[in-house]
Chemist: 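Below is the structure I would like to discuss, written out as structure tokens.
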There are 2 protein chains.
Amino acid sequence: MADTLIGRRRSILQETRCQTCSLSSLCLPLALEVDDMDQFDAIIRRRAPLKKGEALFRQDTPFSSVFAVRSGSLKQVTTEGSGEDQLTNFYLPSELVGLDGIDEQHYPGTVVALETTTVCEIPFDRLDHLAESMPELRGQLYRSMSKELRDDRRMMRLLSRKTADQRLASFFTSLSERFRRRGYSPYSFRLSMARADIGNYLGLAVETVSRILGRFQTQGLVAVSGREVNILDLPALTRLAEEEGAH
Amino acid sequence: MADTLIGRRRSILQETRCQTCSLSSLCLPLALEVDDMDQFDAIIRRRAPLKKGEALFRQDTPFSSVFAVRSGSLKQVTTEGSGEDQLTNFYLPSELVGLDGIDEQHYPGTVVALETTTVCEIPFDRLDHLAESMPELRGQLYRSMSKELRDDRRMMRLLSRKTADQRLASFFTSLSERFRRRGYSPYSFRLSMARADIGNYLGLAVETVSRILGRFQTQGLVAVSGREVNILDLPALTRLAEEEGAH
DNA sequence: CGCCTTTTTGACATTGGTCAAGAGAAGTGG
DNA sequence: CCACTTCTCTTGACCAATGTCAAAAAGGCG
């Protein structure tokens, strides 16, 4: 009884409950029964929203939790020795951040909000404990990691076999698809990241990104104005993305 | 009693038991108690050794098991639509193959033996079932996947920020380190893969691989004769590998 | 409104790919 | 065991894609 009240109160004040979260069908609790979802819900910690530029966690910090993005977006950046930073990932709502920290027990990169962003913190030890008795949750966790592995392989393919044009086309079609799955327009969206971030992520110089965006525009593939993007010819963009650079 | 006999017999005939496997300290059963290891052992299936060029499994085949490499080596190759093949990974003894198939329930690439190779087959449903009651095993499984994620990020960094020389240097130092961890010489080893495989993996043309190997040789970094490699100046190679290409 | 950051554009340099050809290795069958 | 075929690897000449440097234009924020 008290529990329910607290639960209700929390949901009103902070909208923290998975049951009422519009992302639950894409997120970890996917496929959990009501009872299980309640338990899962109970281990989640709310965080104050991150402001643009704020870090969710920093590289080499001890690993303790994974995070589900609730709204906004983030980038993961790794610094290595002398080298420049490398942007290894962008995270959108419902995606899980921090899974690559499990192995070495610290986060292998700094994760920074690209805009105002809210996340659910999921302490990993408690998640694992829960997973012990919930095969569904366990499966979902495996799947999340496995999916990330597959995405990484796709990225490796992009980096080693695609031309700059194809990389940009892939970037746009992939974003478009991710927005679509989350119920947003796949044709019209706002980039939360700078050109420099895109270039870093795709392994291209900023200037190249800028030039190719210009070319896409004159080719009638997209209309870009600052960070506002309108995809005009998705099929053509998809075709381009799926071609492969000579080599 | 009968169990023990069968167990013994199996171990003599096929050397399948984890307890007697020299890799157990690097492999999944790492950190399992004796009892747990016996149970783990029981779910493992032996396979006939693969001959050079034989496939362990093919792309898009239904996912059912992960595999631990026992001896030899393999490569994973993904074909995508019209594009050329992309070599996404090499696997050495004690490494786990197939984890990226969990999510979509089929293998995202074909895995082929580079030489005579033996593997342990671990049916995934049984592994997961066991993981339910063995937190150690569960942890080990998470760690394996997480490590692969980290390795992938390193690879992405290599592909997007390193010059051809730095890539080759990384390739050699990484191989060297992997051999060292497995108790082999870090200075002298045999490449089981062709130059074309190395090039494909590193995102370089075969010719470039060949040329740079030649240059490394005249610089006194390595001595290469066919697939026989002697690392002459590991520190220098490491330095080179850790530099980062302009950009 | 002015400063600072982000983006665009231009000129030029460099890395690494492509094509072509030849030298070695290695597997195959007589 | 050798001759033949077929890969695999190396080398050279040339070229295209993309990076670098420089500077101007456009945005965004206090």
Side-chain angles (χ1 to χ4, degrees), chain A residues 51-53 75 83-84 86-87 112 114-116 158-171 190-218 222-229 240 243-247, chain B residues 51-54 75 83-87 112 114-116 158-171 190-218 222-229 240 243-247:
Chain A
K51 286 196 285 261
K52 179 173 174 175
K75 63 177 176 183
E84 257 177 74
Q86 163 77 12
L87 204 167
V112 176
L114 291 169
E115 58 195 311
T116 303
L158 176 144
L159 291 171
S160 71
R161 313 215 86 78
K162 292 191 177 172
T163 65
D165 295 54
Q166 292 159 355
R167 292 182 199 191
L168 258 304
S170 290
F171 181 70
R190 178 164 221 297
L191 300 172
S192 57
M193 67 292 285
R195 301 282 190 276
D197 290 333
I198 300 177
N200 189 322
Y201 179 61
L202 297 176
L204 299 170
V206 205
E207 295 92 327
T208 308
V209 173
S210 194
R211 272 188 257 271
I212 291 176
L213 251 46
R215 202 181 318 146
F216 278 5
Q217 193 135 225
T218 63
V222 294
V224 189
S225 164
R227 298 196 174 176
E228 227 41 74
V229 176
L240 182 54
E243 277 176 26
E244 297 228 337
H247 252 245
Chain B
K51 286 196 285 259
K52 180 176 171 173
E54 260 188 291
K75 63 177 174 183
E84 257 178 75
D85 290 351
Q86 162 78 11
L87 205 165
V112 176
L114 292 168
E115 58 196 311
T116 303
L158 178 146
L159 290 171
S160 70
R161 311 214 87 77
K162 293 190 176 173
T163 64
D165 294 56
Q166 292 159 354
R167 292 183 200 192
L168 257 304
S170 291
F171 182 70
R190 178 165 221 295
L191 300 171
S192 58
M193 68 292 283
R195 300 283 191 278
D197 289 333
I198 300 177
N200 189 323
Y201 179 61
L202 296 177
L204 299 171
V206 205
E207 295 93 328
T208 307
V209 174
S210 194
R211 272 188 257 271
I212 291 176
L213 251 45
R215 204 182 315 146
F216 278 4
Q217 193 133 226
T218 65
V222 294
V224 189
S225 164
R227 299 195 175 176
E228 225 46 70
V229 176
L240 182 54
E243 279 176 23
E244 297 228 336
H247 251 246

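Both backbone and side-chain heavy atoms feed into the values below; hydrogens, waters and symmetry mates do not. Below, chains carry the letters A, B, ... as their sequence lines are ordered, and counting in each starts from 1.
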Chemist: Counting only side-chain heavy atoms from C-beta out, which of D:dT8, D:dT18, C:dT9 sits nearest to A:Thr163?
Modeler: D:dT18

Chemist: Look at B:Arg227 and D:dT8 and indicate whether a side-chain polar atom (N or O) is within less than 4.0 Å of OP1 or OP2.
Modeler: no

Chemist: Looking at the base of C:dG17, is there any donor atom on it, or on the side chain of B:Arg211, that sits under 3.5 Å from an acceptor on the other one?
Modeler: no

Chemist: Can you tell me how far P of D:dA17 sits from CD1 of A:Ile212, to the nearest Å?
Modeler: 11 Å

Chemist: Please state how far atom CG in A:Leu213 lies from atom P in C:dT9, giving the value in whole angstrom units.
Modeler: 10 Å

Chemist: When you measure from the side-chain N and O atoms of A:Ser210 to the phosphate of C:dT7, is any distance below 4.0 Å, counting only OP1 and OP2?
Modeler: no

Chemist: Nearest to the side chain of B:Ala205, heavy atoms from C-beta on, is which of D:dT18, C:dG16, C:dT18?
Modeler: C:dT18

Chemist: Send over the distance from B:Glu207 CD to D:dC14 P, rounded to a whole Å.
Modeler: 16 Å

Chemist: May I ask you to decide if A:Arg190's main-chain N or O and A:Arg227's side chain share a donor-acceptor pair within less than 3.5 Å?
Modeler: no

Chemist: For the side chain of B:Arg195 and the base of D:dT11, is some donor closer than 3.5 Å to an acceptor across the two?
Modeler: no

Chemist: How many Å lie between CZ on B:Arg167 and P on C:dG17, as a whole number?
Modeler: 8 Å

Chemist: Within this structure, what is the CG-to-C1' distance between A:Leu191 and C:dT6, rounded to whole angstrom?
Modeler: 13 Å

Chemist: How long is the span from the CG atom in B:Leu202 to the CG atom in B:Asp197, to the nearest 0.5 Å?
Modeler: 10.5 Å

Chemist: Is the shortest heavy-atom distance from the side chain of B:Arg215 to the side chain of B:Asp165 under 4.5 Å?
Modeler: yes

Chemist: Rounded to whole angstrom units, what separation is found between the CG atom of B:Leu204 and the C1' atom of C:dT18?
Modeler: 14 Å

Chemist: Nearest 0.5 Å please: distance from the CD1 atom of B:Ile198 over to the NZ atom of B:Lys75.
Modeler: 11.0 Å

Chemist: Expressed as a whole number of angstroms, how long is the span from A:Glu243:CD to D:dA17:P?
Modeler: 13 Å

Chemist: Quick one: which of B:Leu168, B:Thr163, B:Leu159 gives a side chain to side chain contact (heavy atoms under 4.5 Å, CB included) with B:Leu204?
Modeler: B:Leu168

Chemist: If you pin B:Gly214 and A:Ser225 to their nearest nucleotides in DNA chain D, which one's is more 5'?
Modeler: B:Gly214

Chemist: Counting side-chain heavy atoms from C-beta on, which of C:dG16, D:dT8, D:dT10 comes nearest to B:Ala194?
Modeler: D:dT8

Chemist: Among C:dT7, D:dT18, C:dG17, find the nucleotide with the atom closest to the side chain of B:Thr208.
Modeler: C:dG17

Chemist: What is the distance from CD of B:Gln217 to P of D:dC9, rounded to the nearest Å?
Modeler: 14 Å

